[in-house]
Number of protein chains: 2
Amino acid sequence: MRKKTIEDYVELIYILQNKDEKVHTNNIASALDINPASVTEIFQKLSEEGYIDYEKYNGVTLTQKGKKIAISTKKKHDTLKNFLTILGIDEKIANVDACKIEHVVNSETMERLTKFVEFVQQFKDGPRWIDHFKYFYETGEYVECNPLNEKKCPVHGSKQQ
Amino acid sequence: MRKKTIEDYVELIYILQNKDEKVHTNNIASALDINPASVTEIFQKLSEEGYIDYEKYNGVTLTQKGKKIAISTKKKHDTLKNFLTILGIDEKIANVDACKIEHVVNSETMERLTKFVEFVQQFKDGPRWIDHFKYFYETGEYVECNPLNEKKCPVHGSKQQ
DNA sequence: ATTATAATTTAGGTAAACCTAAAAATTTAT
DNA sequence: ATAAATTTTTAGGTTTACCTAAATTATAAT
């Protein structure tokens with residue numbers, strides 16, 4: 001896996017903390033597939049920088065500062081994942097990609113994407129153009145669709161009868 | 001800046017090569033804001049791995065293998081940038097984000113995004129829902145729009161008269 | 001054709017994110 | 001309550017992507 005960022009660690013601690021209260025070296029090590037000794041070093045660094053409270057042999061908890069980063073990172077992750085899922089990307093892949101993109105994406109871009117997801121989610125079964133996009137993705141054909149005469153639309157026509 | 005990948009170097013060499021034929025240490029060093037001595041090392045590595053032909057003191061050119069990576073990376077970049085621009089993101093930011101995302105994104109995701117951009121670009125001034133999205137982004141309001149009665153739509157109504 | 005200047009390379013160094021192996025502390029089982 | 005097993009930490013690598021300073025090569029100016 002790619003080199004991990006502070007955001008990776010803090011986000012993961014946040015997720016584990018919501019299950020178990022205290023987060024231990026081994027949890028992180030196995031989740032990120034690195035050596036427990038490395039996690040100790042990371043704990044020391046994150047603690048120095050004020051993201052976690054760390055007591056030797058006794059696990060860690062996020063500070064306010066850490067929690068703030070964790071929440072914002074997780075929010076980014078969820079939005080990205082939702083966005084990718086809207087496009088029709090497989091959930092597993094959406095998750096993996098979200099995990100990477102969340103660390104590099106600009107905040108203005110995130111804002112737009114967030115609004116985009118909101119925009120799309122306002123429609124109960126998604127907006128009709130999404131169906132057309134998926135049809136286009138699968139067949140390469142774009143078809144016009146007049147909402148007053150859906151029968152003629154190969155995408156929406158069949159839904160109606 | 002973040003640590004650079006092989007893709008970064010190869011893509012940049014490709015872009016510079018299309019201007020100047022031979023690409024030199026200093027070009028890359030100033031473009032990526034690193035030390036020319038580091039570029040020499042990078043040239044040696046890229047050369048060993050078969051991405052470039054490198055002759056001491058005489059610049060580099062991409063091999064077939066290198067060109068292939070460069071082209072595919074640049075294509076990813078362009079698609080991502082187009083996509084972000086469609087959402088209304090400022091060109092500068094779109095460029096920076098594309099530059100980062102291009103190195104981490106899954107190929108299936110890229111395929112979907114490519115199709116999505118194609119899908120949108122089929123409409124001469126973009127599909128009407130894009131206008132609605134932008135309106136939503138700015139005002140927070142989603143308005144229904146019946147294409148047979150556009151006058152009633154605050155987004156499309158004014159365009160018509 | 002020298003010499004001065006600029007570009008490139010070499011040699012050796014630093015910092016960070018990992019690692020392994022062994023020591024220390026904690027927990028579990030009897 | 002002690003021994004055994006497990007977890008965590010420490011100490012001391014390794015690798016990689018950079019760096020600086022000095023040496024080398026190439027280029028430009030007289």
Side-chain angles (χ1 to χ4, degrees), chain A residues 1-13 15-17 19-63 66 69-70 73 99-100 102-104, chain B residues 1-13 15-17 19-63 66 69-70 73 99-100 102-104:
Chain A
M1 205 218 194
R2 132 200 79 90
K3 191 187 74 184
K4 287 106 194 168
T5 64
I6 284 175
E7 282 184 357
D8 282 305
Y9 299 119
V10 169
E11 188 185 6
L12 180 59
I13 291 168
I15 290 164
L16 295 176
Q17 189 176 273
K19 291 180 194 154
D20 269 355
E21 186 66 32
K22 276 275 170 72
V23 177
H24 291 266
T25 312
N26 254 1
N27 307 147
I28 306 285
S30 58
L32 295 179
D33 199 34
I34 58 181
N35 195 288
S38 306
V39 178
T40 300
E41 290 165 36
I42 289 155
F43 279 177
Q44 286 161 353
K45 192 183 143 207
L46 291 177
S47 166
E48 268 167 36
E49 291 173 11
Y51 297 105
I52 57 175
D53 289 320
Y54 168 51
E55 241 187 317
K56 268 182 164 195
Y57 296 102
N58 197 28
V60 298
T61 46
L62 290 176
T63 59
I69 302 280
T73 305
C99 223
K100 294 174 186 161
E102 71 192 26
H103 303 302
V104 300
Chain B
M1 205 217 192
R2 132 201 79 91
K3 192 185 72 184
K4 287 107 196 166
T5 64
I6 284 176
E7 282 185 357
D8 282 304
Y9 299 119
V10 169
E11 187 185 8
L12 180 59
I13 292 168
I15 290 166
L16 295 175
Q17 191 175 271
K19 291 180 194 156
D20 270 357
E21 186 65 32
K22 277 274 169 72
V23 178
H24 290 266
T25 314
N26 255 359
N27 308 147
I28 306 285
S30 56
L32 294 180
D33 199 35
I34 57 180
N35 195 286
S38 305
V39 177
T40 300
E41 288 166 35
I42 290 155
F43 279 177
Q44 288 161 351
K45 191 183 145 208
L46 290 177
S47 166
E48 268 168 35
E49 291 173 10
Y51 296 106
I52 57 175
D53 290 320
Y54 168 52
E55 240 185 317
K56 266 182 166 196
Y57 296 102
N58 197 29
V60 298
T61 47
L62 290 177
T63 60
I69 301 282
T73 306
C99 224
K100 294 172 185 163
E102 71 193 24
H103 303 301
V104 300

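Order of the sequence lines sets the chain letters (A, B, ...), proteins ahead of strands, with each chain counted from 1.
Note on A:Tyr54: every side-chain N or O is 4.0 Å or more away from OP1 and OP2 of D:dT8. For the pair A:Gln44 and D:dT10, the criterion of a side-chain N or O lying under 4.0 Å from OP1 or OP2 is met. For A:Asn35 and C:dT20, the shortest distance from a side-chain N or O to OP1 or OP2 is below 4.0 Å.
Within the 4.0 angstrom heavy-atom criterion, only backbone atoms of the sugar-phosphate kind lie near B:Asn26; the bases stay farther away. A:Phe43 comes within 4.0 angstrom of nothing in the nucleic acid, heavy atoms only. Using a 4.0 Å heavy-atom cutoff across all strands shown, A:Tyr9 reaches sugar-phosphate atoms only and no base atom. Using a 4.0 Å heavy-atom criterion, one finds that B:Thr25 contacts the sugar-phosphate atoms exclusively.
A:Thr40 is listed as a side-chain neighbour of A:Tyr54, based on a closest heavy-atom distance under 4.5 Å. A heavy-atom distance below 4.5 Å is found between the side chains of B:Leu16 and B:Ile28. Side-chain contact check for B:Ile34 versus B:Lys4: some heavy-atom pair is nearer than 4.5 Å.
Distance, A:Lys3 NZ to D:dT15 P: 18 Å, rounded to whole Å. Between the CD1 atom of A:Ile52 and the C1' atom of D:dT8 there is a distance of 14 Å, rounded to whole Å. Rounded to a whole Å, the NZ atom of A:Lys56 is 10 Å from the C1' atom of C:dA25. Following rounding to the nearest Å, A:Glu55 (CD) and D:dT9 (C1') show an atom-to-atom distance of 15 Å. What separates CD1 of B:Ile6 from P of D:dC18 is a distance of 12 Å, to the nearest Å. Across the protein-nucleic acid pair, B:Asp33 atom CG and D:dC19 atom P stand 8 Å apart, rounded to whole Å. Between the CG atom of B:Asn27 and the P atom of C:dA7 there is a distance of 10 Å, rounded to whole Å. Atom CD1 in A:Ile34 sits about 15 Å away from atom C1' in D:dT9, given to the nearest Å.
Checking D:dA11, D:dC18, C:dC18 against every side-chain atom of A:Ala37, the shortest atom distance belongs to D:dA11. Closest approach to the A:Ser38 side chain among C:dC18, D:dC18, D:dT9 is made by C:dC18 (side chain taken as heavy atoms from C-beta onward). For A:Lys4, the side-chain atoms get nearest to C:dC18 when compared with the rest of D:dC19, C:dC18, C:dT8.
Ranked by how close their nearest DNA chain D nucleotide is to the 5' end, A:Tyr57 and A:Glu41 are led by A:Tyr57. The nearest heavy atom of DNA chain C to A:Lys45 and to B:His24 marks one nucleotide each, and the one closer to the 5' end goes with B:His24.
Annotation for B:Glu55: atom CD does not count as buried by contact number, only 12 or fewer foreign heavy atoms lying within 6.0 Å.
Listed for the B:Asp33 side chain is no donor-acceptor partner under 3.5 Å among the backbone atoms of B:Ser30.
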